[in-house]
Amino acid sequence: MKIKRKVEIAVISDVHLGTYGCHAKQLLTYLNSIQPKKLILNGDIIDIWQFSKRYFPKSHLRVIKKIMDMSADGVEIIYVTGNHDEMLRKFSDMTIGNISIVDKAVLELDGKKAWIFHGDVFDVSIQNAKWLAKLGGYGYDLLILLNRLSNWFLEKLGKEKYSLSKKIKNSVKRAVKYISDFEQVASDLAIENGYDYVICGHIHQPKMVVKENKYGKTVYLNSGDWVENFTALEYQFKRWKVYSYSKDKLSPFYADEDIKDMEVKDLIAAITIVEQNSKR
């Protein structure tokens, strides 16, 4: 029997279910390895912007089923909306069973306050030119597919894999100082409002760092993503840490046996049943 790691809080973001870049199997493995009291979904979990009936594989449905099952088992699920799942913002402050949908959250953690939001509010490109961001998303999916093909050839040649999309994204963002500006703005606002932690997603850059200015200090945390970095945030024993799937040396946890072989229609039916039970 595999023993699950107990954590008080787990935070994941930028899963982008419904896109080619999503690594749902790795995420499912991670979710099967932990036993959290709270699971915070910090935006862009389902990519509604790029949703297509032609592409929503079984592994992506299994992630949704797993989250619903965790809720049914008593785990508190806090879904913080992001830009790619902004359609859910019309349901903000709604609670169904153990699942709540919010635009931001504030948690009291051992005498300290944590401010949690996705972070797209700081992204000018999304606020002022959303269609460009969407177009960029489609190009990003194509880049992911091309990168997977090139890595297949590299593996055949015995060479190390190369993340083309990550290289391009990092070089562009360094040029415009986007990441550092994002972190600084979020941290300055957190300090101004007296928050000990500020927790974001959106920029796909996992991080934990103390930020200071002349008014005080805060701990900036970013949960990263499940497209390239495969990271999450975990809170246990009064401490935060960045979890990295690629560095996890523990025995792997595989997808639940009872859903591994289920057909898509059976998975959808199972998700519906869990949702109906949670409403009672």
Side-chain angles (χ1 to χ4, degrees), residues 9-16 40-45 49 78-86 89 92 102-130 132-134 136-137 140 163 165-235 238-244:
I9 302 170
V11 183
I12 61 173
S13 69
D14 300 274
V15 176
H16 293 276
I40 298 174
L41 310 174
N42 199 8
D44 290 1
I45 305 302
W49 274 12
I78 301 175
Y79 197 126
V80 182
T81 57
N83 50 297
H84 282 257
D85 45 22
E86 66 178 353
R89 285 176 176 164
S92 290
V102 297
D103 294 335
K104 58 183 181 295
V106 175
L107 300 181
E108 293 282 346
L109 302 175
D110 300 301
K112 295 185 177 182
K113 290 195 294 183
W115 184 30
I116 305 167
F117 58 96
H118 183 63
D120 57 291
V121 67
F122 300 142
D123 197 326
V124 176
S125 70
I126 289 176
Q127 296 301 314
N128 295 338
K130 190 178 296 180
L132 280 176
K134 290 183 181 181
Y140 188 71
S163 179
S165 57
K166 194 172 183 178
K167 180 71 175 176
I168 292 172
K169 182 171 64 177
N170 285 346
S171 64
V172 170
K173 287 186 176 179
R174 275 198 300 269
V176 297
K177 298 195 352 283
Y178 174 73
I179 291 173
S180 62
D181 289 349
F182 179 96
E183 293 173 356
Q184 197 60 55
V185 170
S187 300
D188 287 346
L189 281 172
I191 292 168
E192 183 181 333
N193 288 282
Y195 295 117
D196 301 284
Y197 308 109
V198 55
I199 300 169
C200 304
H202 186 57
I203 58 174
H204 293 213
Q205 294 290 322
K207 197 164 189 179
M208 181 172 67
V209 64
V210 176
K211 291 280 191 178
E212 294 186 64
N213 63 25
K214 62 182 180 180
Y215 301 108
K217 65 180 181 179
T218 191
V219 179
Y220 168 85
L221 299 115
N222 196 296
S223 44
D225 68 283
W226 287 86
V227 175
E228 290 175 321
N229 292 297
F230 310 157
T231 53
L233 296 171
E234 295 179 353
Y235 184 79
K238 300 183 181 182
R239 301 163 107 188
W240 283 102
K241 75 169 187 177
V242 177
Y243 167 87
S244 176

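Using a 4.5 Å heavy-atom cutoff, the side chains of Lys217 and Lys211 are not in contact. Under the 4.5 Å side-chain criterion, counting only non-hydrogen atoms from C-beta, Leu107 is in contact with Ile40. Between Gln205 and Phe182, the closest side-chain pair of non-hydrogen atoms is not below 4.5 Å. You'll find the side chain of Phe117 reaches within 4.5 Å of the side chain of Val198, heavy atoms only. Considering only heavy atoms from C-beta on, Asp44 comes within 4.5 Å of Asn83 through its side chain. Here the side chains of Cys200 and Asn222 are in contact, with some heavy-atom distance below 4.5 Å. Between Trp240 and Val219, every side-chain heavy-atom pair lies at or beyond the 4.5 Å cut-off.
Here the CD1 atom belonging to Ile9 is positioned 7.0 Å from the CD1 atom belonging to Ile199, to the nearest 0.5 angstrom. For the atom pair CG of Leu221 and CE of Met208, the computed distance is 6.5 Å after rounding to the nearest 0.5 Å. Rounded to the nearest 0.5 angstrom, Lys207 NZ and Thr231 OG1 are separated by 13.0 Å. Separation of atoms CG (Asp225) and CG (Asn42) is listed at 12.5 Å; rounding is to 0.5 Å. Rounding to the nearest 0.5 Å places CH2 of Trp226 at 7.5 Å from CD1 of Ile12. Interatomic distance, Leu41 CG to Ser13 OG, rounded to the nearest 0.5 Å: 9.5 Å.
Between Val242 and Pro206 the shortest heavy-atom distance is CG1-CB, 4.1 Å. Asp14 and His118 get closest at one heavy-atom pair: OD1-CE1, 3.4 Å. A pairwise comparison of heavy atoms in Gly201 and Ser223 identifies CA-OG, 4.1 Å as the closest pair. Nearest heavy atoms, Asp110 versus Lys238: OD2-CG, 3.3 Å.
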Can I get a per-line list of side-chain donor-acceptor pairs under 3.5 Å for residues 186-194, giving both atom names and the distance, sequence neighbours left out?
{"residue": "Ser187", "atom": "OG", "partner": "Glu183", "partner atom": "O", "Å": "2.7"}
{"residue": "Asp188", "atom": "OD1", "partner": "Gln184", "partner atom": "NE2", "Å": "2.9"}
{"residue": "Asp188", "atom": "OD1", "partner": "Asn213", "partner atom": "ND2", "Å": "3.1"}
{"residue": "Asn193", "atom": "ND2", "partner": "Leu189", "partner atom": "O", "Å": "2.7"}

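Using bins of under 30°, 30° to 60° and over 60° for the plane-to-plane angle, the ring pair His16/His204 lands in the tilted bin.
Atom NZ of Lys241 has more than 12 neighbouring heavy atoms from other residues, nucleotides or ligands inside a 6.0 Å radius.
Among residues two or more places apart in sequence or in another chain, the ring-ring contact (aromatic ring centres under 6.0 Å, His included) test is passed with Tyr195 by Trp115. Partners of Thr81 according to the side chain to side chain donor-acceptor pair (under 3.5 Å) rule, which considers only residues two or more places apart in sequence or in another chain, are Arg89, Asp103.
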